[in-house]
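Notes follow the structure.
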Amino acid sequence: MTNHFGSVVERIVIKKGDITKENVDAIVNAANSHLRHGGGVALAIVKAGGIEIQKESDEIIKKIGMVPTGHAVITNAYRLPCKFVIHTVGPIYGEGNEDEKLHKAIYNSLYLAHLYNLKSIAFPAVSSGIFGFPKDRCAKVLIDTAIEFLESFQTSIEKVVFCLFDDETYGYFEEYYKNLL
Ligand code: AR6
């Protein structure tokens, strides 16, 4: 396939599904700053993986305090098929500079996966549920950030999956991705 991104775009996969079932090295959780996994994909991750994920998150908060927007931390995945969960805090729509903050959240998640020498990572549509970030803009920011990261330096990450839960969100990601090919 010829495009100006070369093989980088081909390391990105867009799919519909439940991220808790993804058999990758790490899945990303759309968390809040308190790592209280009470709703959305965060709750689904704790339900499927075990309460240990919430307990380990609580330990992190005890140690470092709140996780600022745009930052990411990592826990074990317990009963999930993946090895790790990377918890990142996306922006709440309306708080300002949302695109930059979402970019930072995705970039820092990828960087953490890289530091752990991971080969594959799956993201949900961070911030586009309870946090209200527009789904079409979310697709652009997430895919652009993955391309920027994969292009910017040599990394262990071979595959970046965007695992979208509903048809509408999947449609926006698929449409934006297709235009890059
Ligand atoms: N697999 C993949 N995607 C999912 C799943 C799943 N199992 N379940 C939901 N989604 P959200 P946010 C999608 O609200 O907007 C939580 O309470 C969902 O359809 O989970 O960043 C946290 O603790 C949407 O497209 O995350 C925070 O307080 C996307 O995941 C807050 O919500 C993100 O929706 C974070 O809000």
Side-chain angles (χ1 to χ4, degrees), residues 12-61 65-75 77-82 84-110 112 120-143 145-146 159-177:
I12 294 175
V13 176
I14 311 290
K15 67 191 282 189
K16 222 191 114 183
D18 177 352
I19 202 164
T20 65
K21 299 198 162 49
E22 281 299 300
N23 197 1
V24 286
D25 287 343
I27 64 167
V28 175
N29 179 20
N32 56 46
S33 286
H34 302 279
L35 302 182
R36 283 194 203 119
H37 311 310
V41 69
L43 183 60
I45 288 170
V46 171
K47 275 190 178 165
I51 195 66
E52 294 92 336
I53 295 174
Q54 182 63 69
K55 287 185 179 153
E56 211 182 314
S57 298
D58 294 343
E59 288 305 314
I60 291 170
I61 295 293
M66 274 170 49
V67 180
T69 303
H71 288 233
V73 297
I74 191 164
T75 66
Y78 301 94
R79 282 173 286 289
L80 293 172
C82 58
F84 297 99
V85 180
I86 292 175
H87 306 265
T88 195
V89 182
I92 300 170
Y93 196 63
E95 70 183 24
N97 296 325
E98 296 94 348
D99 291 68
E100 291 82 355
K101 288 173 180 169
L102 188 55
H103 169 271
K104 191 174 167 190
I106 303 310
Y107 197 94
N108 281 333
S109 301
L110 290 163
L112 197 47
S120 54
I121 180 169
F123 285 89
V126 177
S127 277
S128 75
I130 293 164
F131 281 180
F133 193 96
K135 298 179 200 311
D136 55 341
R137 262 164 69 191
C138 177
K140 176 175 166 41
V141 173
L142 267 58
I143 293 171
T145 307
K159 187 170 80 163
V160 179
V161 178
F162 293 104
C163 180
L164 298 324
F165 206 47
D166 59 276
D167 285 324
E168 192 192 0
T169 309
Y170 173 76
Y172 284 125
F173 275 74
E174 183 61 12
E175 192 187 329
Y176 189 74
Y177 180 74

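As the structure is a computational prediction, the values presented were derived from the model and not from experiment. Atoms within each ligand, like the ligands themselves, are counted from 1 in listed order. Numbering of residues begins at 1 and proceeds along the displayed sequence.
One finds the CD1 atom of Ile86 at 10.5 Å from the CD1 atom of Ile106 (value rounded to the nearest 0.5 Å). Here Asn29 contributes atom CG and Phe84 contributes atom CZ; the two are 15.5 Å apart, rounded to the nearest 0.5 Å.
For the pair Ile61 and His34, the tightest heavy-atom approach, listed with the atom from each and the gap, is CG1-O, 3.5 Å. The two atoms that bring Thr88 and Ala105 nearest to each other are OG1-O, 3.1 Å, heavy atoms only.
Not a single heavy atom of Cys138 lies less than 4.0 angstrom from ligand 1. Proximity of Ser128 to ligand 1 is established by a heavy-atom distance of less than 4.0 Å.
Distances from atom 22 (C) of ligand 1 to the heavy atoms of Pro124, Gly17, Gly40, Ala30 put Ala30 nearest. With atom 30 (O) of ligand 1 as the reference point, the heavy atom nearest to it among Thr88, Leu102, Leu43, Val41 is part of Val41. The heavy atom nearest to atom 33 (C) of ligand 1, considering only Ala125, Ser127, Gly38, Ala105, is found in Ala125.
Near Ile19, with a cut-off below 4.0 Å to any heavy atom, the atoms of ligand 1 are 1 (N), 2 (C), 6 (C). For ligand 1, the atoms lying closer than 4.0 Å to a non-hydrogen atom of Asp166 are 19 (O). Taking a cut-off of under 4.0 Å to the non-hydrogen atoms of Gly39, the atoms of ligand 1 that pass are 16 (C), 17 (O).
Annotation: atom 32 (O) of ligand 1 to nearest protein heavy atom, Ile130 CD1, 3.3 Å. Atom 31 (C) of ligand 1 has Phe131 CE2, 3.5 Å as its closest protein atom, hydrogens excluded (heavy atom only). With hydrogens left out, the protein atom closest to atom 28 (O) of ligand 1 is Asn32 ND2, 2.9 Å, a heavy atom. In terms of protein heavy atoms, atom 3 (N) of ligand 1 is closest to Phe165 CB, 3.4 Å.
Using a 4.0 Å threshold on non-hydrogen atoms, atom 18 (C) of ligand 1 does not count as touching the protein.
Ligand 1 has a nitrogen or oxygen under 3.5 angstrom from a nitrogen or oxygen of Asp18.
Between Thr69 and the options Lys104, Glu98, Glu95, a side chain to side chain contact (heavy atoms under 4.5 Å, CB included) holds for only Glu95.
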Please step through salt bridge (Lys or Arg N to Asp or Glu O under 4.0 Å) for the pair Glu52 and Arg79, ending with a clear verdict. CA-CA 9 Å; Glu52 294 92 336; Arg79 282 173 286 289; 2.8 Å; yes
Pair Phe123, Val161 - check side-chain contact (heavy atoms from CB on, under 4.5 Å), show working. CA-CA 6 Å; Phe123 285 89; Val161 178; over 6 Å; no
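Counting heavy atoms under 4.0 Å from ligand 1, residue Arg36 touches it through the backbone alone.
Looking at heavy atoms from C-beta onward, His87 lies in side-chain contact with Ile53 at the 4.5 angstrom threshold.
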